[in-house]
Protein chains: 2
Amino acid sequence: MTEVVRVLLADDEHLIRGALAALLSLEDDLVVVAEAATGPEALAMARAHAPDVAVLDLQMPGADGVKVATSLRAELPGCRVLIVTSHGRPGHLKRALAAGVRGFVPKTVSAQRLAELIRTVHAGNRYVDPELAADAISAGDSPLTAREAEVLELAADGAPVAEIAERAALAEGTVRNYLSSAATKLGAENRHAAVRLARERGWV
Amino acid sequence: MTEVVRVLLADDEHLIRGALAALLSLEDDLVVVAEAATGPEALAMARAHAPDVAVLDLQMPGADGVKVATSLRAELPGCRVLIVTSHGRPGHLKRALAAGVRGFVPKTVSAQRLAELIRTVHAGNRYVDPELAADAISAGDSPLTAREAEVLELAADGAPVAEIAERAALAEGTVRNYLSSAATKLGAENRHAAVRLARERGWV
DNA sequence: CGCTCGGCATGACAAATGTCAGACGCGGCT
DNA sequence: AGCCGCGTCTGACATTTGTCATGCCGAGCG
């Protein structure tokens, strides 16, 4: 094991990023070559340092971890991506895997374990946290059609139907119809509960 | 400075807690005597080890940082509390200060800075992050009356008015009235937008 | 081709929600 | 005491939202 893994660390919480950098540096075969606090910064750093593995927080200002991963996939195909997250929602995992992410774990893992996982994804293997995977499977695919999801998203901040209709270029009746069917599919009493459920499952 | 500060660390994210414990241990005058992943666990650990300073995450399973701080205040008056948080909302700061918390900072600070702050609060001084303080001041006090806030909270998960009325033991008309006046005070179009705004400002 | 099925879209009607004027009690103020 | 102002509470009315029956179009299939 003479090979050294060059790591990029991106997380908006300085406390965690710094602490993590220090801990990972204790491992002989890992070296943190760059740190970033935002999505765009992470991309810039990746271009500049071409790391072997990028450890990305899911929620960062600017662009979230999955978006960064997508861009990275295109620009630096050799760079493996490992996502860490505080509040894992099923849909995110699905999107992340679709973006070519190699690992997906909650922040409840230990640093020791994270170091192992960095080696794992660097070796070309995949790893997703079993519990998150189980959630994603039990949540299943979104039953919503494209328009239903679109309208539900526009309804997310509590806007009245008239405004949604205008933004989506639809008749009010149509908007109500989509909201209603979305709510039925999700088993919600009304559209607001539907928005909440869809968010929890990562479908919006 | 021969005195050693005994620290309790509570955060549900193992990654951060562990990393933090390691970093703080590098400081000669700080020693982490206990760690916890949940609110109740933090309380139990505090009782067992009687730390000088408790570093608490705001959002933990079981009981949040402020609730733990309140209990701690009663049981271990000598233990100073420092709250760290990822997403600082104005209302939380206010609640925290009311609970006798001595420090309140976002997780974007560096570990170095955190170590300084632990010494600061241990010395009996207070510290709140300037930016969070500014937010709290600009957000001001909640304009909602007790009933308005209560009803708005019951409406938070999208429940229909009839259900809220039953839970609050009020007539439906009354509930609608409170929701309406709350929405007006918050400058919201409807109650759902009102819930969102009140959450953002930490008023629910 | 002719058929069915599912997604998209609409308007009319029923139900839920928002708005209004007003009643009651309580505390502060002159 | 008498008079506000404020919070609490209510029902009646207007508006918004949810539900339903229906039509249109393209994809898949016998």
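Predicted model only: the values in this text are computed from it and were never measured. In what follows, every chain begins at residue 1, and chains take the letters A, B, ... in the order their sequences are listed.
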Q: Salt-bridge test for R80(B) and D52(B): reply yes if a basic N is under 4.0 Å from a carboxylate O, no otherwise.
A: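 Looking at R80(B) and D52(B), the cut-off is not met.
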
Q. Taking NZ, NE, NH1 and NH2 as the nitrogens, is one of them in R119(B) or E116(B) under 4.0 Å from a carboxylate oxygen of the other?
A.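 Between E116(B) and R119(B) there is no salt bridge, as every charged N stays at least 4.0 Å from the carboxylate O atoms.
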
For [X], I'd like to know if atom [atom1] has over 12 heavy atoms of other residues, nucleotides or ligands within 6.0 Å.
X       : atom1 : result
R199(A) : CZ    : no
K94(B)  : NZ    : yes
E166(A) : CD    : no
E200(B) : CD    : yes

Q | Atom pair CG/CG of L23(B) and L23(A) - distance to nearest 0.5 Å | A |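 Going from the CG atom of L23(B) to the CG atom of L23(A) covers 6.0 Å.
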
Q: Anything under 4.0 Å to a heavy atom of chain A counts; send over the first and last such nucleotide of DNA chain D, read 5' to 3'.
A: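 Answer, 5' to 3': dT17(D) to dA21(D).
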
Q. Can you check the E150(A) CD to dA9(C) C1' distance for me, whole Å?
A.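 Nearest whole value for this atom pair: 13 Å.
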
**Q.** Summary of protein contacts for nucleotides 11-28 of chain C, nucleotide by nucleotide, where a base hit scores B, a sugar-phosphate-only hit scores S (4.0 Å, heavy atoms)
**A.** B-----BBBBB-------

Side chains of residues 11-20 of chain B: which donor-acceptor partners sit under 3.5 Å, not counting sequence neighbours?
from: D11(B); atom 1: OD1; to: E13(B); atom 2: N; distance (Å): 2.8
from: D11(B); atom 1: OD2; to: K107(B); atom 2: NZ; distance (Å): 3.1
from: E13(B); atom 1: OE2; to: S86(A); atom 2: OG; distance (Å): 3.3
from: R17(B); atom 1: NE; to: E35(B); atom 2: OE1; distance (Å): 3.1
from: R17(B); atom 1: NH1; to: D11(B); atom 2: O; distance (Å): 2.8

